[in-house]
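Each chain gets a letter, A, B and so on, in the order the sequences are listed, and its residues count up from 1.
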Amino acid sequence: MENNEVAAIFHEMAAILEIKGENPFRVRAFKRVAQAIETLPERASTMAAAGTLARVPGIGKGSQDRITEILTSGDCADHVELRASIPAGLLELARVEGLGPRTIALVYNELGVTSLDELEAAARGGQIATLPRMGEKSQAKLLTAVEAYRRQAGRVRIGDALPQGLALLEALGQHAAVQRIDLAGSSRRRRDTIGDLDLLVASDDAAAVMDCFVSRPAVADVMLRGETRCSVHLRGGLQADLRVVPAASFGAALHYFTGSKMHNIAIRDRAKRKGLRINEYGVFDEASGQQLGGATEEQIFAAVGLPFIPPELRENQGEIEAAAAGELPRLVSEQDLRGELHLHTDATDGKATLREMVAAAVALGHEYIAVTDHSRALTVTQGLDERRLREQVAMIRALEDELGSIRILAGIEVDIHADGTLDLDHDALRELDWVIASVHSHFNLPAQEQTRRLLAAVESGVVDCLGHPSGRILGHREGYPVDLDRVIRRAGELGLALELNGYPDRLDLDAQHCRQARDQGIPVAINTDAHATRQLAQRQYGVYTARRGWLEPRDVLNARPLAELQAWLAQRRHS
DNA sequence: ACGGATTGCCGTATCGGCCAAATGGCCGA
């Protein structure tokens, strides 16, 4: 079991306790345990076996037992009991923005609301506004939030879905009857959210493969099972579909089920013009009906005169034309990244010390990193003021001298106030090597004001990079209303970089805006925004999004060697 | 529930904005 899965159970226990109005300190303790598990330096099972869990701050005797129970049986009694104690639908309500535990308890107790549908009905019926502490405005806001929630409901972040898909791939790949196996669908295209997992297998013994599939411990229930196709729910609720095809059709099926639909249509259209027919079974000569290929995807592309197109590009957004012209981008990969330009330490909301984070970066082989803790406005994180920032800078310089093995840029993630001013003195910011400016408040300004706010930060003259520019949180809230195109253009004019925050909850910039940045020659920094040592290694999600945005190594700021990065910074500072 | 000093008990993120009610709870970062 992955740490995130264990943590999810604690998060849920905390949420239920909170809705039930239990001791808030108990609630916080559970939340703290959940967070601690998410940011453990190793796998929970490893640490439990070694007995080192006890040393983690926040994890006491009780939670140690619960964690052990979860690791051995997949769940714990307290969790099962808590779940049974409230209607199942209430938990989903907690995912609606602006709807907290107290309000959920209120609508449940006063109106008997136990689900999203009932909540919406109550709001449309005007009953919400009659409740104490609620009114017309709250009711309208709630409806808007429910609509926003519904737009993304059922989709799972790639950071949650892909590990499950890869684990299944790994397990099924061991089976003797499996000749070839791969992911298909949106998980193979590495979209930022996934509806369900698609797995494709080449085999002559579909029944044996499906037996293996449905008996995986990760499979919670089997929804349907036919001759060649099987659908299941996984433990976390994600749906997974397995298809089994003969090896001679594997490439054709892989192409077909990978999509996207628009890409497939365009490819088939191209085939038609060449007198060919492409479907999920293979490539066929239209006239003779003879099969010309289908075992590999390369054959599919070759049949229409194209080189292999990476799955991340298959959206019919020009990749076919580029492939035909021999102008496919050489997409950036994880190995191209030479440094990390956004991370936090325990000076603010990080879980590891400066020294530990740096050691982890060295272990990853980074040439350079930037330490970018929060600024004072973010009070929850104990954001740095000018004085604490200067102290941290001194620590960084000393550590860099001591180690000698890695360049440590002294930086900050400075908050952008609602009026566009920055949270720290410009003089203090000018002393730093690297300044990211980000929005963490006032997401609901009118688009015009929000745009002005971001432009002000971009034009401040002391900012090197705009952090998570859209502000979206996947599965939680959409980006704030803003003219991002205009902000990006201005950033380009002034020579700033833009961040692609690769934290799996963000993936911000999204692929489309990455491509815009690339087209305008704006360097993109692919960052992890790590708050713990292990998160420094989670670079793949940012890279996926970058690839979907057509980024090549030369478009990526932290794919540059240190000397080039420093030259870029120096030239920025003097222009 | 956890951690730590008081070893059986006590304290434990912060703070601003929003909205409904006219000061205060709730939410989110």
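At a cut-off of 3.5 Å, with distance as the only test, a side-chain donor of A/Glu499 or A/Asn501 sits close to an acceptor on the other residue. Judged by distance alone, the side chains of A/Asp117 and A/Ser115 never bring a donor and an acceptor atom under 3.5 Å apart. Side-chain contact check for A/Asp349 and A/Thr381: no donor-acceptor pair (N or O, by modelled atom type) lies under 3.5 Å. When only modelled atom types and interatomic distance are considered, A/His442 and A/Glu449 share no side-chain donor-acceptor pair under 3.5 Å. Side-chain atoms of A/Thr528 and A/Gln535 form no donor-acceptor pair, as typed in the model, at a separation below 3.5 Å.
When the C1' atom is used for both B/dG8 and B/dC2, the distance is 15 Å, rounded to whole Å. Straight-line distance between the C1' atoms of B/dG3 and B/dT7: roughly 12 Å, to the nearest whole Å. Comparing B/dA21 with B/dC26, their P atoms are spaced 13 Å from each other, to the whole Å. When the C1' atom is used for both B/dG28 and B/dA22, the distance is 24 Å, rounded to whole Å. One P atom belongs to B/dC18, the other to B/dA13, and the distance between them is 27 Å to the nearest Å. Between B/dT14 and B/dC9, the distance separating the two C1' atoms is 26 Å to the nearest Å. Between B/dG11 and B/dG17, the distance separating the two P atoms is 31 Å to the nearest Å. When the C1' atom is compared between B/dA20 and B/dC27, the two are found 14 Å apart, to the nearest whole Å.
Here A/Arg28 does not reach the OP1 or OP2 of B/dT12: none of its side-chain N or O atoms lies under 4.0 Å away. For A/Ser138, a side-chain nitrogen or oxygen approaches OP1 or OP2 of B/dA20 to under 4.0 Å. Side-chain N/O atoms of A/Arg66 include one lying less than 4.0 angstrom from OP1 or OP2 on B/dA1. The side chain of A/Ser63 places an N or O atom within less than 4.0 Å of a non-bridging phosphate oxygen (OP1 or OP2) of B/dC2. Distances shorter than 4.0 Å separate some side-chain N or O of A/Thr103 from OP1 or OP2 on B/dC27.
Residue order along DNA chain B, read from the 5' end via each residue's closest nucleotide, puts A/Gln64 first among A/Ile104 and A/Gln64. Mapping A/Lys137 and A/Arg477 onto DNA chain B by nearest heavy atom places A/Lys137 closer to the 5' end of the strand.
In the set B/dC27, B/dA29, B/dG17, B/dC27 carries the atom at the smallest distance from any side-chain atom of A/Arg102.
Taking atom CZ of A/Arg376 as the reference point, atom C1' of B/dA13 lies 19 Å away to the nearest angstrom. Across the protein-nucleic acid pair, A/His440 atom NE2 and B/dG28 atom C1' stand 12 Å apart, rounded to whole Å. Spacing between atom NE2 of A/His344 and atom P of B/dA29 amounts to 15 Å, rounded to whole angstrom units. Atom pair A/Ile59:CD1 and B/dG4:P shows a separation of 14 Å (rounding to whole Å applied). If you measure from atom NE2 of A/His468 to atom C1' of B/dA29, you get 11 Å, rounded to the nearest angstrom. Following rounding to the nearest Å, A/Glu97 (CD) and B/dC19 (P) show an atom-to-atom distance of 13 Å. Taking atom NZ of residue A/Lys141 and atom P of nucleotide B/dA20, one finds them 9 Å apart after rounding to whole Å. When rounded to the nearest whole Å, the span between CZ of A/Phe25 and C1' of B/dG4 equals 16 Å.
Using a 4.0 Å heavy-atom criterion, one finds that A/Pro24 contacts no nucleic acid atom at all. If you check every strand for non-hydrogen atoms under 4.0 Å, A/Val439 touches nothing.
Nucleotide B/dG25 has B/dC18 as its partner under the Watson-Crick or G-U criteria, with both atom distances under 3.5 Å.
Between A/His440 and A/His374, the ring planes lie perpendicular to each other; the angle is over 60°, past the 30° to 60° tilted range. A/His342 and A/His344 have tilted rings, their planes meeting at an angle from 30° to 60° on a 0 to 90° scale.
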